[in-house]
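Shown next, in C-alpha cells, is the structure this report addresses.
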Amino acid sequence: MARQLRPVELEFVENAPIRLVFSAPVSAVPSAVYATLAEDVEHLPEWFTAVTAARSTEGGAGREVRLKGGTVFTERILAKEPDSRYAYRIEQTNAPGLRALLEEWRITPTATGSRIQWTFAADGPVPLRLALRLGRGGLGRAFKDAVRNLDRRLAGSGTP
C-alpha cells in the first residue's frame with residue numbers, strides 16, 4: 001500500500017536526519033551524464049540494476065520507479081539544472097518507515113570526464129535510521145555498480 005511522504009524541499013538534502021553521500025568518477029562529460037540521468041528515464045534499469053522499471057510522469061515533472069523486491073517510488077522532480085544537478089523527492093512509496101526522502105545527483109566536470117555525487121537524504125523513525133546507516137555499504141555498492149554501468153553505457157554510445 002502506497003503511503004504519502006512529507007513533502008520536503010531542496011534544503012532537506014543538507015539537513016536531513018540521515019544523509020548518505022557517495023561519489024565516483026566517469027569518463028563521460030557532464031552533458032552526457034545529465035542527459036542519461038534526467039532525460040532517458042525509461043532506460044534507467046539498463047544501468048542502475050536495482051531498478052526494474054522507470055517512467056516519466058506528469059509531462060516530465062515526475063517519475064515512477066520500481067525497484068527489485070517490489071518497492072515503488074512516485075517522485076516529484078525538484079531540480080533540473082542541465083549538466084550539473086538533478087534532484088527529486090519521493091512523494092509516495094510502499095517502503096515501510098520512510099517519512100521523507102530526497103535524492104540529489106550532482107555532476108561536476110573533471111579533467112578526464114565527470115564526477116557524480118549522489119546524496120540520499122531521508123527521515124524516519126529511529127529503527128529506520130539505524131537500518132539505513134547499517135545499509136550504507138549496500139547502497140554504496142549499488143551506486144558504484146550503477147556508475148560503472150553508466151560509464152560503460154556512455155562509452156559504448158560514442159559520447160565523449
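Throughout, numbering of the chain's residues begins at 1 and tracks the sequence.
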Look only at the side chain of [X] and the backbone of [Y], and say whether a donor-acceptor pair between them is shorter than 3.5 Å.
| X | Y | result |
| --- | --- | --- |
| Asp151 | Val147 | no |
| Arg6 | Ala100 | no |
| Lys80 | Ala61 | no |
| Arg63 | Glu42 | no |
| Ser114 | Val26 | no |
| Arg106 | Ser23 | no |

Nearest heavy atoms of [X] and [Y], plus distance in Å:
| X | Y | result |
| --- | --- | --- |
| Ala122 | Pro17 | O-CD, 3.4 Å |
| Ala24 | Arg115 | N-NH1, 3.3 Å |
| Pro125 | Gly97 | CD-O, 3.0 Å |
| Phe48 | Ala146 | CD1-CB, 3.5 Å |
| Arg55 | Thr57 | NH1-CG2, 3.5 Å |
| Thr36 | Leu154 | OG1-CD2, 3.3 Å |

With hydrophobic residues grouped by side-chain heavy-atom distances under 4.5 Å, do [X] and [Y] end up in a single group?
| X | Y | result |
| --- | --- | --- |
| Phe73 | Val51 | yes |
| Leu128 | Phe12 | no |
| Val21 | Tyr86 | no |
| Leu150 | Tyr34 | yes |
| Ile90 | Ile18 | yes |

Given Leu132 and Arg129, is the side chain to side chain contact (heavy atoms under 4.5 Å, CB included) satisfied, shown in steps? CA-CA 5 Å; Leu132 287 173; Arg129 292 180 191 185; 5.9 Å; no
Got a sec: does the CZ of Arg66 have more than 12 other heavy atoms crowding it under 6.0 Å?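 At most 12 heavy atoms, drawn from other residues, nucleotides or ligands, come within 6.0 Å of this atom.
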Is atom CZ of Arg148 surrounded by more than 12 heavy atoms (other residues, nucleotides or ligands) closer than 6.0 Å?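 Counting other residues, nucleotides and ligands, CZ of Arg148 exceeds 12 neighbours.
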Worked check of side chain to side chain contact (heavy atoms under 4.5 Å, CB included) between Val72 and Val65: CA-CA 6 Å; Val72 179; Val65 176; over 6 Å; no
Report yes if some heavy atom in the side chain of [X] is under 4.5 Å from a heavy atom in the side chain of [Y]; otherwise report no.
| X | Y | result |
| --- | --- | --- |
| Leu37 | Ile107 | yes |
| Thr71 | Asn94 | yes |
| Ser56 | Glu39 | no |
| Glu75 | Val41 | no |

May I have the step-by-step check of side chain to side chain contact (heavy atoms under 4.5 Å, CB included) for Thr93 and Arg3, ending in yes or no? CA-CA 5 Å; Thr93 185; Arg3 293 177 303 97; 4.3 Å; yes
Could I get the full list of ring-ring contact (aromatic ring centres under 6.0 Å, His included) partners for Trp118, not counting sequence neighbours?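 Testing Trp118 for ring-ring contact (aromatic ring centres under 6.0 Å, His included), a comparison that skips the adjacent residues, returns Phe22, Trp105, Phe120, Phe143.
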Of the options Glu9, Glu91, Glu103, which is the one that meets Arg76 in a salt bridge (Lys or Arg N to Asp or Glu O under 4.0 Å)?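 Passing option: Glu91.
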